[in-house]
Enquirer: 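I have a structure I would like to understand better, so I am pasting it below and will then ask my questions one at a time.
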2 protein chains.
Amino acid sequence: METDSTDHAILSLLQAESRADFTHDEIAERIDVSSSTVNNRIQRLEAEGVLKKFDPVIDYETAGAPHHILFVCTAPIVERKALCKDAIEVPNVVNTRELLTGSQNLHVEAVGMTAEDIEAVTEDLDALGLEINGSESLRTEYSRPFDHFGSEVVDESASE
Amino acid sequence: METDSTDHAILSLLQAESRADFTHDEIAERIDVSSSTVNNRIQRLEAEGVLKKFDPVIDYETAGAPHHILFVCTAPIVERKALCKDAIEVPNVVNTRELLTGSQNLHVEAVGMTAEDIEAVTEDLDALGLEINGSESLRTEYSRPFDHFGSEVVDESASE
DNA sequence: GTTGAAAGCATATTCGG
DNA sequence: CCGAATATGCTTTCAAC
């Protein structure tokens, strides 16, 4: 899909201000177009599959689930893609990522209320045929907009 | 914070249906409470910091940025937290995660239009004092709700 | 493809149980 | 604390450019 600087500015702002109450009007003011143009562009980006969804970011610890673990696993190359999809079905698993490498090619993120929840995840992953190379406690995580878009933003608001 | 099964059901549905057009009314119907209760709960979850934000999920490849890489790095233990924050400031870096382990304790996710963009990231990370243990192409990624909440959902809709 | 205004609709508030 | 109705204001639409 062809995306121009207006699209990039919108995507960047959406990532920078990922609030539920971030309105089209506010985007429109910051990039100096009308709010109907913002609406047009967002709808097109969604239709074309660039803007896929809006994921709620949950602080599991505050919500009462203190265990947050990353498993680094190895899946046989040919089964890797299938196992990535299978692993997301394991209870307490919240994210899986497929890498390109030969070993340690699957990352599985899990959340649990208790240590037993996490222990059960290791058993389930093992039962799927995944070799678990390591498990790490996740501490902090930061996200931010894709810069290539951000650098093109014409932000008219001086007070930032 | 104290979260009950209504909160959990709402969080689970928000994650399962992370659409912009997923309304409070729809949540209300599915878990059999009024939409004002849904609104009350969501506002409280946001105020208490459980529901932090709504991150737009962008398909970078479709948007015209084909390079999507995960760097596995090692930061000196004492500087780890600071470097996690520094790394997110590097151009084209979109996500950083701090792990607990002694080595390979920092994951840095980067996106770029060209191979040069990615090469520049390695140089910037190196300049920060990070040892880069490996870089992997990211292929596929799946996410899904935290099950402990999901299992408590009283979903009244039979047609699913 | 963009705009402004007006209609349509989701969300926030208010109040009564 | 929950739920129904009201008020607010955001999103969408549409005629015109």
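Chain A is the first sequence line, chain B the second, and so forth, proteins listed ahead of strands; every chain is numbered from 1.
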Enquirer: By side chain to side chain contact (heavy atoms under 4.5 Å, CB included), which residues pair with B:Val50, not counting sequence neighbours?
Expert: A:Ile58, A:Thr62, A:Ala63, B:Met1, B:Leu11, B:Leu45
Enquirer: Who passes salt bridge (charged side-chain N to carboxylate O under 4.0 Å, His left out) against A:Arg80, sequence neighbours left out?
Expert: A:Glu98
Enquirer: For B:His67, which residues count as a side chain to side chain contact (heavy atoms under 4.5 Å, CB included) partner, sequence neighbours excluded?
Expert: B:Ala115, B:Ile118
Enquirer: May I ask you to say what B:Ser36 touches in the nucleic acid, namely base, sugar-phosphate or nothing, with a heavy-atom cut-off under 4.0 Å?
Expert: base
Enquirer: List for me each residue that meets salt bridge (charged side-chain N to carboxylate O under 4.0 Å, His left out) alongside B:Glu48, sequence neighbours excluded, and say none if there are none.
Expert: none
Enquirer: Starting at the 5' end of DNA chain C and moving along, which residue's nearest nucleotide shows up first, A:Thr37 or B:Ala20?
Expert: A:Thr37
Enquirer: With sequence neighbours excluded, tell me which residues meet salt bridge (charged side-chain N to carboxylate O under 4.0 Å, His left out) with A:Asp25.
Expert: none
Enquirer: I need the residues from residues 39-53 of chain A with at least one non-hydrogen atom less than 4.0 Å from DNA chain C; give them sorted by number, or say none.
Expert: A:Asn40, A:Arg41
Enquirer: Using the test ring-ring contact (aromatic ring centres under 6.0 Å, His included), find all partners of B:His24 that sit at least two apart in sequence or belong to another chain.
Expert: none
Enquirer: Which pair of non-hydrogen atoms, one from B:Ile10 and one from B:Ile42, has the smallest distance, and what is that distance?
Expert: CG2-CG1, 3.8 Å
Enquirer: Name the first nucleotide and the last nucleotide along DNA chain C (5' to 3') that come under 4.0 Å of a heavy atom in chain B.
Expert: C:dA10 to C:dT13
Enquirer: Restricting to side chain to side chain contact (heavy atoms under 4.5 Å, CB included), what partner residues turn up for B:Glu79, sequence neighbours left out?
Expert: B:Pro76, B:Leu83
Enquirer: Identify, with sequence neighbours excluded, every residue that meets salt bridge (charged side-chain N to carboxylate O under 4.0 Å, His left out) alongside A:Arg19.
Expert: A:Glu17, A:Asp21, A:Glu26
Enquirer: Would you mind listing every side chain to side chain donor-acceptor pair (under 3.5 Å) that reaches into residues 118-132 of chain B, with sequence neighbours excluded?
Expert: B:Glu131-B:Asn133
Enquirer: Taking heavy atoms of chain A and a 4.0 Å limit, find me the 5'-most and 3'-most nucleotide of DNA chain D within that range.
Expert: D:dC10 to D:dT13
